[in-house]
Every structure is written in C-alpha cells, then in structure tokens.
Amino acid sequence: MSDFQAFNAFLEKDAAYQSTLKNHQEMWKEARQAEIEITRALRRVTRLMMAVDVVRQQQWKHESISEEQDKALEDLTTDNSEIWFSQYDQAADDVQEAAVAACAMVVEKRAEAKVKETEAREHCTLLDFAKEQARKAFDKEKAEAEATAEQTESTPEAVK
C-alpha cells in the first residue's frame, strides 16, 4: 500500500478530520442551496412582471369600447368599462408592488448566499488544518510502527 493510500485510509478513520470534513461539506451544500434560492427568487420576479404585462393588456381592452359593449358589460357585471379599467390598473399596481418586494427578496437571498460562500471558503483553512493534524498523527503512528518493526527485527531469536 502506498503512503498516499495509507494516509487516505487513516483519514477515513480519523474522527476529528471526518467531523471537520462533514461540516465543510455541509457548509458548501448550504452555499449551493443559497444560490439555488436566488434563482428561484429571480424567477418569481420574472413571473410577477409577466403578470403585470398581462393585467395591463387586459386593462387597456376596456379603454375604448363601444357604448353597446359598455352597456353589456355593466348588465353582466354591474360595473362599466371605466370601473373595470380602474380595477385592472389597481391590480397591475398590486402585482408590481409584489414584484418590487420579490426584488428585495433577491437582494436578501444574494447577501445570505455571499455570507454562506465566504464562511465555506474560510472553512477550507480549517479543513486544511485538520488534514495537517491528521498527517502529523499518521506520520507519528507510522514512525512508531517502523521503530517497533526495527526493534523486533534486531532482537535475537533467543530473547524471543
């Protein structure tokens, strides 16, 4: 077994390193998830802006309708085209406000993602330190094993 393979096997068994590695992986998982949340929030903004466009299109359909259509609309809904125009205008404004709030959410999510990524990057130093500590322990264990092997080889058969 090569030194590299032996050290990797040692790392697999080293509780301190494995704990640090698990924390490290979890931090990067959270950082990636935060980036996904940004994309979701951006897509929500896009959907809301599309809704504003659809509502505005519907609003303007009531701008210049004939008196006959206006009368039919009022008979069917009790509101004339002017009220419908106003209602659609308000609805579009409401959806637009929701889009603005969603934009603020994107900014929040982006800030959270930056913090998580920074923390994960900083944790790389801790992981490196844990690996160095494991390397020292591995080298010490290896040196002790070699010393014991040399001692066993140099001991005469009679003493055994």
Query raised in the report: Under 4.5 Å between any side-chain heavy atoms of Met49 and Asp53, yes or no?
Result: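 A side-chain contact under 4.5 Å is absent here.
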Query raised in the report: Are His123 and Thr20 close enough that some pair of their side-chain heavy atoms sits under 4.5 Å apart?
Result: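 Contact flag for His123/Thr20 side chains = yes.
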**Report entry** Of all pairs that satisfy salt bridge (charged side-chain N to carboxylate O under 4.0 Å, His left out), the ones with a partner from residues 62-72, not counting sequence neighbours
**Finding:**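 Listed by first then second residue: Lys71-Asp75.
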Query - Contact list for residues 85-105, test salt bridge (charged side-chain N to carboxylate O under 4.0 Å, His left out), sequence neighbours left out - result: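 Of all non-adjacent pairs touching residues 85-105, those that pass salt bridge (charged side-chain N to carboxylate O under 4.0 Å, His left out) are Arg56-Asp89, Arg56-Asp93.
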Give the minimum heavy-atom separation between [X] and [Y], together with the two atoms involved.
{"X": "Val55", "Y": "Tyr88", "answer": "CG1-O, 3.2 Å"}
{"X": "Leu73", "Y": "Asn80", "answer": "CD2-C, 3.9 Å"}
{"X": "His24", "Y": "Cys124", "answer": "CE1-SG, 3.3 Å"}
{"X": "Arg44", "Y": "Ala102", "answer": "NH1-CB, 3.6 Å"}
{"X": "Ile65", "Y": "Ser81", "answer": "CD1-CB, 3.4 Å"}

Report task. Identify whether Met105 and Val45 are in the same connected component of the hydrophobic contact network (ILVMFWY, side-chain heavy atoms under 4.5 Å). Result ->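 Cluster IDs for Met105 and Val45 differ.
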Query raised in the report: For the residue pair Trp60 and Phe85, is the inter-centroid distance of their aromatic rings smaller than 6.0 Å?
Result: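 For Trp60 and Phe85, the ring centres are under 6.0 Å apart.
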Query raised in the report: Around atom CZ of Arg135, are there more than 12 heavy atoms of other residues, nucleotides or ligands at under 6.0 Å?
Result: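 It does: Arg135 CZ has more than 12 such atoms within range.
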Query raised in the report: Take atom CD in Gln18; do more than 12 heavy atoms of anything else shown fall under 6.0 Å from it?
Result: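 Count over threshold, so yes.
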Backbone N or O of [Y] within a donor-acceptor pair of the [X] side chain at under 3.5 Å?
{"X": "Thr118", "Y": "Lys114", "result": "yes"}
{"X": "Thr148", "Y": "Glu144", "result": "yes"}
{"X": "Gln69", "Y": "Ser66", "result": "yes"}

For residues 5-17, which side-chain donor-acceptor pairs fall under 3.5 Å, sequence neighbours excluded?
unit_1 : atom_1 : unit_2 : atom_2 : d
Gln5   : OE1    : Ser2   : N      : 3.1
Gln5   : OE1    : Ser2   : OG     : 3.4
Asp14  : OD2    : Tyr17  : N      : 3.0

